Q: 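What follows is a structure written as structure tokens; I'll ask about it next.
Note on naming: letters A, B, ... go to the chains in the order of the sequence lines (proteins, then strands), and numbering restarts at 1 for each one. Since we're looking at a predicted model, the values are computed, not measured.
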Amino acid sequence: MINDRAKHLEDSARWGQWMLAAQAGDQAAYGRLLSELAPVARRMAARQMTAFGVTEDVEDAVQEILLTLHGARHTYDPDRPFLPWFAAIVDHRVKDGLRHHRRHRGRETDIDSVPETFLAQAANTSATDRMDLGKAVAKLPAGQRQAVEMLKIKEMSLAEASAASGQSVPALKVAMHRALKTLKGMLGP
Amino acid sequence: MNTDQLIQELSSGLTPVKRLHSPGRRLVQWLAVSVPVLAAITWFFGFRPDLAQCLADNRFVIQNLAALVTGLAAAWTALASSVPGFRSRTLTVAVVPALLWLASAGEGCWAEWQANGWSSLDSVLHQKCLPEIVGSGLVPALVLMVLVRRGLALNPGLTAGLAALAAAAIGSAALSLFHDGDTAWVTLTWHVGSAAGLSALASAFGSRLLSRPARSLPA
């Protein structure tokens, strides 16, 4: 128990130092910090989510935690311990994720196989449609592809995507608009 | 995108950031804007004619000191709550002076009730201070909201409620310098009541006011 506490204090002090360096722009220290924090965030998120019966989406929660930490790194005060600051972000993001999960859960039903709803073959090709769409997205220019991945695939808000990508909100909107236009052209009418 | 790629992307695009000032320093920034604005409002309306008499009355001094301390403490707590890791026991910093403000107004009401009975309530209907409190607290509220939004309020309802309480309490303290005729009942209902009502309203809309994700400012 005493060893665990000493390790926590040691980790917290080391991460605090790396975050202090990251605030000054030290990319190597920040990379090390995020690499050490990701598994910690994964453990903490999995523990909380499992308690609520949610076992999927843990990796999404970890990425949300890292994105929030990135956007809020200026709020870390090096005179204070790092772990409570980090734990508060993890807790907030996991609860947010659980709320999101509950909201969507109410509108979704698990089904084993997609039922055929129309006789026409074209109406029952969702898997191949997804593959075509995936290939088309991969062919998009980098900026447009990033906008589609963040806003549509990862379902990030404009503000979050802007914080993560460093692009402004109007630039993301323009990239998304252009991406949709390009995809429409690629996939036909 | 997997987590390793995300880490790579976040760290390779890292830029230096300007660290958020401590709650104490941001409180000073808030006062640096709010005090001159409240002084200008007081100067515009002029001191109440009976101010000297009021200042000799312990009850008036205690009530308004309690309002002032509530404003300062709630503002500091709102700013502290915009940093992740805020401990809920820190709330006592704002709650204790707010209770003192409520108790001092309540004690005045009790004394007025004993002296005048039901007629002591007449002033509540004739004197309505809500517009003046909102007017006095508007600039402090806006400035505090800007300062709070620089951080990351993980409990936006609480932070917004505290910010509104701070602005209304400091507005009420300033109001007592130029607004005369306020009885203890008026203070309890219109001053303390307005602060509580505005705080509850801001708290209800807190997530809309402060839901924007935190964004580090370049150094």
Q: Pair B:R19, A:R73 - check side-chain contact (heavy atoms from CB on, under 4.5 Å), show working.
A: CA-CA 8 Å; B:R19 197 177 306 134; A:R73 64 192 188 279; over 6 Å; no
Q: Need one label for B:L6: side chain, backbone, both or neither, based on atoms under 4.5 Å from any heavy atom in chain A.
A: side chain
Q: Could you please spell out the steps behind the side-chain contact (heavy atoms from CB on, under 4.5 Å) verdict for A:T68 and B:L152?
A: CA-CA 9 Å; A:T68 305; B:L152 175 63; 3.9 Å; yes
Q: Supply the atom-to-atom distance B:I7 CD1 to A:H70 NE2, rounded to the nearest 0.5 angstrom.
A: 12.5 Å
Q: So which part of A:F86 gets closer than 4.5 Å to some heavy atom of chain B, the side chain, the backbone, both or neither?
A: neither
Q: Taking all non-hydrogen atoms of both residues into account, name the closest pair between B:G85 and A:A88 and its distance.
A: N-CB, 3.2 Å
Q: Please state whether the side chain, the backbone, both or neither of A:D79 comes within less than 4.5 Å of a heavy atom of chain B.
A: neither
Q: How long is the straight-line distance from CD of B:E9 back to CG of A:L66, given to the nearest 0.5 Å?
A: 12.5 Å
Q: Heavy-atom cut-off 4.5 Å, strictly under: side chain, backbone, both or neither for A:A87 against chain B?
A: neither
Q: For atom CZ of B:R25, is the number of surrounding heavy atoms from other residues, nucleotides or ligands below 6.0 Å larger than 12?
A: no
Q: Pick whichever of B:D4, B:V83, B:N2, B:T3 has the most heavy-atom pairs under 4.5 Å with chain A.
A: B:T3
Q: With a 4.5 angstrom heavy-atom cut-off, which part of A:R42 approaches chain B: side chain, backbone, both or neither?
A: side chain
Q: Heavy-atom distance under 4.5 Å to chain B: side chain of A:A28, backbone, both or neither?
A: neither
Q: Examine distances only and state if a side-chain atom of A:H74 and a backbone atom of B:P16 form a donor-acceptor pair shorter than 3.5 Å.
A: no
Q: Identify which part of B:Q8 has an atom lying under 4.5 Å from any heavy atom of chain A, answering side chain, backbone, both or neither.
A: neither
Q: Could you grab the distance from atom CG of B:L154 to atom CD1 of A:I89, nearest 0.5 Å is fine?
A: 6.5 Å
Q: I need the B:L20 CG to A:Y76 OH distance, nearest 0.5 Å.
A: 13.5 Å
Q: Could you tell me whether a side-chain N or O of A:Q27 sits under 3.5 Å from a main-chain N or O of B:S12, the two making a donor and an acceptor?
A: yes
Q: Out of A:A24, A:P81, A:A38, return the one with the most heavy atom pairs under 4.5 angstrom to chain B.
A: A:A24
Q: Please test A:D26 against B:L14 for side-chain contact (heavy atoms from CB on, under 4.5 Å), starting from the C-alpha separation and ending with a verdict.
A: CA-CA 8 Å; A:D26 185 336; B:L14 185 76; 5.6 Å; no
